[in-house]
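Indexing begins at 1, ligand by ligand and atom by atom, following the structure's order.
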Amino acid sequence: MELKFLGAARSVTGSCHSLRVGAQHVLLDCGQIQGSRFDEELNRVPLPVGHVDAVVLSHAHIDHSGRLPLLHKQGFTGPIFTHRATAELCAIMLRDAAYLHEKDAEWENKKRRRKGLAAVAPLYNRDDVRAVLGQFVSLDYDERREIAPGVEITLRNAGHILGAAIVELDLRENGGAFRLVFSGDLGYDAAPLMQPPTPIERADLVVMESTYGNRNHRRFAATLDELRSIFVSGADGGGNILIPAFAVGRTQDLLYLLSKHYDDFRLDRWQVYLDSPMAIEATQLYWRNSDLQRARLFGDRDKLIVTASESTEDSMRINAIESGALVIAGSGMCSGGRILHHLKHNLWRPECHVVMIGFQAEGTLGRRLVDGADHVRLWGETIKVAAKIHTVGGLSAHADQVGLMAWYGEFANRPPVCLVHGEPGAQHALAAALRSAHEADVRIPGRGDVVDLLSVRSS
Ligand SMILES: [Zn+2]
């Protein structure tokens with residue numbers, strides 16, 4: 001029995017781990033590498049996996065699911081076991097990712113044609129996604145299933161986003177048994193909508209995410225205070241509010257808060273627009289699956305009215321509104337999507353507000369705004385930044401250090417841990433905390449490292 005770390009090893013994207021039990025080969029996640037153009041080119045390199053019998057997918061985020069269509073193109077036609085809501089979310093998210101890859105290739109090929117170069121193919125297209133979606137096998141939380149001889153899995157609610165799962169794997173080989181627990185991405189226990197991550201009592205080895213291994217989130221009450229003051233003073237000032245948001249997770253958390261705090265936030269003075277077809281589809285999915293959440297997304301007598309703008313024309317109509325529009329649109333880091341049009345129409349107006357509720361990566365337009373840029377360029381035009389830019393923390397889908405430590409602390413037998421899905425700084429901080437609080441045996445595997453499972457337990 002061995003586990004090999006193929007991705008999200010000392011980094012946060014491209015989650016993929018290869019598990020061999022007897023003659024069986026199972027992949028845990030098959031995520032896309034995200035980051036700079038150079039990093040993303042690595043997705044074109046075939047996965048070094050050979051024959052794969054089955055895949056277990058922890059959740060729908062592209063950095064966990066995004067290379068599944070490529071695996072299919074490499075010849076994998078076996079089952080992909082995942083939670084039923086993750087299967088539904090993947091249909092939305094992988095289709096959108098494929099569409100963006102097709103657009104990217106189209107754009108690139110226009111330039112290549114002018115240079116007399118051969119055309120490039122998109123990383124994958126919507127046909128590849130359709131084909132791989134046919135391989136999904138839906139499971140419920142807490143349902144035990146044998147997915148290959150000697151490999152039984154049970155998915156537990158991880159919080160994080162809809163359908164996200166912690167994967168318990170009960171493995172058997174030559175009479176030996178081993179229990180591996182793969183955390184996937186763990187939710188934040190103060191998150192408004194998702195459940196806290198399910199505690200697990202026993203494991204022989206834990207493979208655990210460490211995204212915020214060196215950070216603690218601020219108190220949730222402070223986040224609410226900050227949102228209230230922006231909405232109240234924004235209405236007095238007579239402009240619009242733009243909120244760039246990720247379509248899945250962050251948008252639904254925000255809508256839930258707007259609904260719950262409608263009176264407190266004085267939202268009667270705002271017309272709320274959800275301007276993203278993907279976010280609209282994802283919100284409907286969250287609504288249909290409210291049994292998986294700790295709260296219903298909207299109440300029965302909800303005062304909040306959200307105008308869903310599906311078409312480009314609907315979206316452009318919002319641009320004519322001078323005041324009173326609260327627009328939630330993607331992308332979350334302003335690196336594309338409909339938010340760009342709204343920025344063009346509002347960024348130069350001092351009475352308008354831009355509210356950043358998510359992490360803004362280096363090199364994105366969102367980051368430049370957060371860093372206080374005076375001017376930005378949009379479609380070759382220089383736009384003055386006169387609107388107020390706010391950064392509101394605390395709306396995270398990930399557990400912080402306290403949350404990660406608490407989740408590990410529920411394992412009665414203090415199993416050894418391999419930390420994945422984190423930058424080295426976060427991983428070393430979490431490793432130190434786990435060692436000092438629990439005397440845990442913590443490893444930080446690099447890409448390509450292999451762990452012999454039976455030797456881990458006996459050591
Ligand atoms: Zn995730």
Side-chain angles (χ1 to χ4, degrees), residues 5-17 27-35 39 43 55-68 80 82-83 85-94 96-97 141 155-167 181-198 206-213 215 217 245-254 278-279 282 285-286 289 292-293 330-333 357-361 395-401 403-404 407 419-423 426-427 430:
F5 300 89
L6 297 176
R10 301 179 191 163
S11 66
V12 289
T13 71
S15 176
C16 187
H17 313 297
L27 288 189
L28 305 177
D29 285 354
C30 193
Q32 201 166 306
I33 301 162
Q34 294 171 311
D39 291 336
N43 289 306
V55 175
V56 183
L57 174 63
S58 65
H59 67 289
H61 275 149
I62 291 296
D63 62 323
H64 295 256
S65 68
R67 274 193 287 181
L68 287 170
I80 299 165
T82 195
H83 189 269
T86 298
E88 285 191 83
L89 267 181
C90 276
I92 301 171
M93 296 178 78
L94 289 175
D96 183 72
Y141 289 132
L155 305 179
R156 308 287 187 193
N157 196 340
H160 189 54
I161 62 165
L162 186 67
I166 299 160
V167 187
V181 171
F182 172 45
S183 73
D185 285 357
L186 295 169
Y188 174 33
D189 63 0
L193 209 44
M194 305 315 294
Q195 306 271 13
T198 307
V206 182
V207 175
M208 182 174 168
E209 72 121 322
S210 50
T211 316
Y212 286 136
R215 266 180 51 176
H217 301 320
F246 294 100
V248 177
R250 203 62 55 89
T251 291
Q252 291 74 35
D253 276 339
L254 179 66
M278 181 155 78
L285 200 58
Y286 269 71
N289 285 285
L292 304 174
Q293 298 149 32
S331 71
M333 298 188 201
I357 57 170
F359 177 74
Q360 305 295 317
L395 281 169
S396 180
H398 279 276
D400 57 6
Q401 193 192 64
L404 292 167
W407 184 74
L419 295 181
V420 295
H421 203 286
E423 300 290 353
Q427 297 195 308
L430 182 61

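For the Zn ion (ligand 1), the nearby protein N/O/S atoms, meaning those under 2.8 Å, are H59 NE2, H61 ND1, H160 NE2, D185 OD2.
In terms of heavy atoms, A85 sits closest to L285 at O-CD2, 4.3 Å. Contact between A279 and Q252 at its shortest, heavy atoms only, is O-NE2, 3.7 Å. Considering all non-hydrogen atoms of both residues, L419 and S210 come closest at CB-OG, 4.2 Å.
At a cut-off of 3.5 Å, with distance as the only test, a side-chain donor of H64 or D185 sits close to an acceptor on the other residue. Side-chain contact, H421 with D63: a donor N or O sits under 3.5 Å from an acceptor N or O.
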*Give the intermediate values and the outcome of side-chain contact (heavy atoms from CB on, under 4.5 Å) for residues L27 and C16.*
CA-CA 7 Å; L27 288 189; C16 187; 4.2 Å; yes

